[in-house]
Each structure stands twice: as C-alpha cells, then as structure tokens.
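Taking it in order: structure first as structure tokens, then the write-up.
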Amino acid sequence: DGGITQSPKYLFRKEGQNVTLSCEQNLNHDAMYWYRQDPGQGLRLIYYSQIVNDFQKGDIAEGYSVSREKKESFPLTVTSAQKNPTAFYLCASSTYLGGGSEQFFGPGTRLTVL
Amino acid sequence: AQRVTQPEKLLSVFKGAPVELKCNYSYSGSPELFWYVQYSRQRLQLLLRHISRESIKGFTADLNKGETSFHLKKPFAQEEDSAMYYCALSGSGAGNMLTFGGGTRLMVKP
C-alpha cells in the first residue's frame with residue numbers, strides 16, 4: 001500500500017515533555033513537509049525538507065525540530081518550548097520542493113497536551 | 001508576503017443548488033493557485049489547480065488576476081461534495097512553498 005503514514009493517530013503529552021511524531025513515505029518523493037492545522041487557520045508550515053540531511057524552517061518553526069536521515073522518513077519533535085502544542089499535525093510529500101508539485105498528505109496525528 | 005483569504009468558514013447549500021467557495025489572494029509575483037479538499041475521514045488531497053484548467057467532480061475555478069481571486073464553483077451541488085475546502089497559493093517555479101487559506105466547510109443539505 002503506497003502513500004504516507006503517520007503515527008501515532010492520537011498522542012497525549014504532559015507539559016514539559018518532548019514528543020516525536022513519525023512520518024514515513026514510500027512514494028520516492030524528494031520533498032517532505034510538516035504542517036500544523038488549527039480550526040479557522042488552515043495549514044501552517046512548520047518545517048520542510050528538499051533532500052536527505054537538509055531541512056528548512058517554515059513559518060512557525062519555534063518549539064519544533066526535525067531530522068531527515070533517510071529519504072523515506074521525516075520525524076517531527078514537539079519540544080517543551082512549544083507554547084501551544086495541542087493541534088492536528090499533517091505530514092506531506094511531493095516529487096520536488098515547491099507548490100507546483102502536488103503534495104500528498106498523511107492521515108495526521110492529533111496531539112493533546114494534558 | 002503571500003496571503004490567502006477564504007472569507008466564509010461555513011457555507012451551507014441545498015442539493016442541486018449552485019455553490020461558490022470564495023478565495024482571494026495577495027501575491028506580488030506570478031501565482032499558482034490550487035484547491036485542496038478534505039472529505040470526512042479522508043486525507044487532504046488536491047482537487048484542482050488553475051494551470052490545468054480542468055473540471056474535477058464538476059468543480060471549476062478560474063484565476064482572475066485583476067480581482068486576485070480563485071473562486072471554486074459548481075453549478076449543482078451534491079451531498080457528497082460536503083467537505084472542508086482549502087485554497088492554496090504558491091509562487092511559480094520550484095522552491096516556492098504553499099500558503100493555505102483558513103478553509104471553508106461546505107455542507108450540502110438534502
């Protein structure tokens with residue numbers, strides 16, 4: 001089954017804890033993205049990566065970190081520095097970096113801070 | 001800076017009625033515009049893009065550079081069209097990121 005997988009589907013975190021959200025794709029896409037989705041605000045870009053071992057900050061990168069050690073994987077860590085981490089997180093990938101290349105989305109992870 | 005505005009958070013129409021989801025943008029260069037859709041319990045997916053000039057599931061969207069708009073239209077709404085719709089913009093060419101609007105929830109009533 002091809003596509004993008006995200007795990008877990010639901011994640012609960014205590015304040016002060018770091019958590020890592022998984023994103024894997026088997027589409028052989030070079031570019032990968034992390035978005036945060038909040039009601040009424042659409043999707044906001046957290047980080048993106050064009051190739052392995054390279055990634056760039058998006059519009060709301062503060063309090064987040066990523067790695068891209070393998071082409072297929074782009075995990076997102078939500079650190080304790082993120083002031084309002086409760087949100088729905090979406091991972092996406094595309095053939096190449098940029099809006100002109102159709103982005104394919106994962107099912108999302110809902111993070112709740114207790 | 002690029003910005004996308006979808007003025008309606010919720011749009012409710014009856015089955016068979018025409019529907020228009022509004023999208024306005026601001027961008028200084030040559031934009032590429034897209035509509036993404038998220039049906040209930042499904043993933044966000046591309047519906048259409050302005051450069052392809054296609055009609056997908058009966059939906060069309062025309063880029064109006066003079067009014068900086070990219071409204072999504074369908075002459076006869078169906079119940080299965082009920083979903084969350086996002087307008088998105090990027091600059092032309094590789095390396096330009098997508099900017100999404102806040103989204104419009106379309107509800108088609110029987």
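Note on naming: letters A, B, ... go to the chains in the order of the sequence lines (proteins, then strands), and numbering restarts at 1 for each one. These figures come from a predicted structure and were not determined experimentally.
Only the backbone of A:Gln41 comes within less than 4.5 Å of a heavy atom in chain B; its side chain stays farther off. With a threshold of 4.5 angstrom between heavy atoms, B:Gln38 approaches chain A through side-chain atoms but not through N, CA, C or O. Using a 4.5 Å cut-off between heavy atoms, A:Leu43 touches chain B through backbone and side chain atoms alike.
The neighbour count for B:Phe76 CZ, taken as heavy atoms of other residues, nucleotides or ligands under 6.0 Å away, does not exceed 12. Summarising the local packing, CZ of B:Phe14 is surrounded by 12 or fewer heavy atoms from other residues, nucleotides or ligands at distances under 6.0 Å.
Looking at A:Gln37 and B:Leu44, their side chains never come closer than 4.5 Å, going by heavy atoms from C-beta outward.
Residue B:Phe34 holds its CZ atom at 8.5 Å from CD of A:Gln103, rounded to the nearest 0.5 Å.
Of all residues spanning residues 48-70 of chain A, those with a heavy atom less than 4.5 Å away from chain B's heavy atoms are A:Tyr48, arranged by number. For a heavy-atom cut-off of 4.5 Å, chain A lies close to B:Met97, B:Leu98, B:Phe100, B:Gly101, B:Gly102 in residues 97-105 of chain B.
Linking ILVMFWY residues whenever their side-chain heavy atoms come closer than 4.5 Å, directly or via other members, places B:Phe70 and B:Leu21 in the same cluster. Taken together through direct or relayed side-chain contacts under 4.5 Å among Ile, Leu, Val, Met, Phe, Trp and Tyr, A:Ile4 and A:Leu111 form parts of separate hydrophobic clusters. The cluster map of Ile, Leu, Val, Met, Phe, Trp and Tyr, joined by side-chain heavy atoms under 4.5 Å apart, puts A:Tyr89 and A:Phe74 in the same cluster. Cluster membership for B:Tyr86 and B:Leu47, using ILVMFWY side-chain heavy atoms within less than 4.5 angstrom, is not shared.
Interface summary for chain A: among B:Ile51, B:Leu46, B:Leu89, the most heavy-atom pairs under 4.5 angstrom belong to B:Leu46. Ranked by non-hydrogen atom pairs under 4.5 Å with chain A, the options B:Arg49, B:Met84, B:Gln45, B:Lys9 are led by B:Arg49.
Closest heavy-atom contact between A:Gly106 and B:Arg43: CA-NH1, 3.7 Å.
Annotation: salt bridge (Lys or Arg N to Asp or Glu O under 4.0 Å) contacts involving residues 69-89 of chain B, sequence neighbours excluded, comprise B:Glu20-B:Lys73, B:Lys74-B:Asp81.
The salt bridge (charged side-chain N to carboxylate O under 4.0 Å, His left out) search around A:Lys71 returns A:Asp30, not counting sequence neighbours.
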